[in-house]
Protein chains: 2
Amino acid sequence: MSGDTTLHSRILADIEGQIVSGEWPPGHRLPFEVDLAAQYGCSRMTVNKVMAQLVRSGLIERRKKSGSFVAQPKAQSAVLEIHDIKDEVQSLKLAYGYALIARTVRRSDAEDMRRLGLSKGTDVLDITCLHTAGHEPFCLEKRLINLAMVPQAADFEFVEIAPGPWLLAEVPWTSAQHTIQAISADKDAVKLLKLSAHEACLVIERQTWGQGGPVTNVRLTYPGNRHVVTAQFKPGG
Amino acid sequence: MSGDTTLHSRILADIEGQIVSGEWPPGHRLPFEVDLAAQYGCSRMTVNKVMAQLVRSGLIERRKKSGSFVAQPKAQSAVLEIHDIKDEVQSLKLAYGYALIARTVRRSDAEDMRRLGLSKGTDVLDITCLHTAGHEPFCLEKRLINLAMVPQAADFEFVEIAPGPWLLAEVPWTSAQHTIQAISADKDAVKLLKLSAHEACLVIERQTWGQGGPVTNVRLTYPGNRHVVTAQFKPGG
DNA sequence: TAGTGGTCTAGACCACGCT
DNA sequence: GCGTGGTCTAGACCACTAA
């Protein structure tokens, strides 16, 4: 963990490790800059650069006079503007609803392993659920959760709480990958999203990793004419 | 341009201005850190922080012993992995081809103004072209170019060179917005992309602004089953 | 008001890579 | 070689804000 090139990187990796491992949970107060400088035997400026990087990462928040605190795990919206679906619906001024459709635990089959990127079989939780906006179907969610990484998910019903926000609060994630594609609606989508046959749908697949392996893979199917993904940026980030 | 809060920000904004205005074109060598420090009357460390930020932004590249240079305008892939279509095709080990289908100059109509976000009418260049991979249609491009911002485009034929790379080399851009949606193929798409009727397509619309106003709006239509957009990221950027 | 982060300085040493 | 950027230091002052 401490065998990097520069002093920055070693301290950064060290502190990141404390956070993503959960040793310093969200809300935990980090040592002060002066103390960290003493601990690592470096100047305060060096520690400051590390902390600035951690702020840019969104891993910590800093308040004058109070100190630096591990941030609550944030949604991915920072980079790709895919909000929490509840927020997304509510920003349209529509009533949000959630319904669990299916929930099964099983030994991972070949397809599960491909989706999650598993090298060996584990137990997985397979969840199908529907998000509604103004009592109309809005988004169909098909999710796999790797129980080897999140064993406590096996004991959670997901009847009231959608798996997305639950996982976000429960598991620190370290990286994610999205793929976006257009497909014609399959039978499930036609029925649950009330579409006409073969209507174009936008499918967003998000694969999330934590420290130690794949956490979850989710496929969100939106009716194509009712949803767009947007991303705005400048060269200067 | 120099009325910000911190010394960093003022110097950063100043240098960014030189670059996006085109005063310092791609390839231009920036003054050395020591000289900039002298010019702005600050320490070298302060300049160094600014330069580090510019590198993160992708606006400059730095080489030891040589100096710092304004970077070639990069595709947006830095943030959202949408490559230049030519690169995209060639990374699939397929032969890339480009064909101009239509090219007209006209006074902007209401639809043009909506797409480009124009407040008043200007002349626009309307281009339709096709990108092919291995002699099969790959992507249909419908583009509007704001001639008030890029007058020299009126004199360019776009027979050999696609408008995307031409604009990238010609016009510095300051911000861009993507929207991604799924639609059923329209008649043009069916014919030119050789699709079956109402096949699902992925439509990526990119609106680009330069200093002074909207530059171009492009709609890229991909067969949905042949294309995915991916975006990978970590909380640590 | 006192402690904390935010910012900046004027040095320094080093590694890299042109020449 | 030698100039450049990369990194780091040991201070300093200021602004903010929680106590």
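Source: prediction; values computed, not measured. Lettering follows sequence order; numbering is per chain, from 1. Every heavy atom of this structure was used, including side-chain atoms; hydrogens, water molecules and symmetry mates were not.
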Give a yes/no on whether any side-chain N or O of [X] is located under 4.0 angstrom from OP1 or OP2 of [N].
X	N	result
H8(A)	dT7(D)	no
T6(B)	dG6(C)	no
T46(A)	dT9(D)	yes
S66(B)	dG5(D)	no

Which whole-number value in Å describes the distance from [X] [atom1] to [N] [atom2]?
X	N	atom1	atom2	value
R62(A)	dG3(C)	CZ	C1'	13 Å
K49(B)	dG5(D)	NZ	P	18 Å
L30(A)	dT4(C)	CG	P	14 Å
I60(A)	dG5(C)	CD1	P	9 Å
Q53(A)	dG5(C)	CD	P	18 Å
F32(A)	dT17(D)	CZ	C1'	14 Å
E61(A)	dA18(D)	CD	P	13 Å
R63(A)	dG5(C)	CZ	C1'	12 Å

Do P163(A) and E141(A) have side chains that get closer than 4.5 Å, going by heavy atoms?
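Result yes, sub-4.5 Å side-chain heavy-atom pair found.
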Can you check whether E170(A) reaches Q152(A) side chain to side chain, under 4.5 Å on heavy atoms?
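When only atoms from C-beta onward are counted, Q152(A) and E170(A) do touch, with a gap below 4.5 Å.
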Out of H131(B), E160(B), K86(B), which one pairs with Y98(B) under the side chain to side chain contact (heavy atoms under 4.5 Å, CB included) rule?
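Single side chain to side chain contact (heavy atoms under 4.5 Å, CB included) partner of Y98(B) among H131(B), E160(B), K86(B): H131(B).
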Among N146(A), L147(A), I145(A), D112(A), find the residue that satisfies the side chain to side chain contact (heavy atoms under 4.5 Å, CB included) test when tested with D123(A).
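Between D123(A) and the candidates, side chain to side chain contact (heavy atoms under 4.5 Å, CB included) is satisfied uniquely by L147(A).
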Could you tell me whether R62(A) and E33(A) make a salt bridge, using a distance below 4.0 angstrom between a side-chain N and a carboxylate O?
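E33(A) and R62(A): salt-bridged.
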[X], nearest nucleotide to its side chain (from [options]):
X	options	value
S68(A)	dA10(C), dT9(D), dG5(C)	dG5(C)
R44(B)	dT9(D), dA12(C), dG5(C)	dA12(C)
N48(A)	dT7(C), dC8(C), dG5(D)	dT7(C)
E33(A)	dG5(C), dT9(D), dA12(C)	dG5(C)
K65(B)	dA18(D), dG1(D), dT7(D)	dG1(D)
L7(B)	dT9(C), dT4(C), dC8(C)	dC8(C)

Using heavy-atom distances to pick each residue's nearest nucleotide on DNA chain D, tell me which of V47(A) and V34(B) is more 5'.
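Its nearest nucleotide being more 5', the pick is V34(B).
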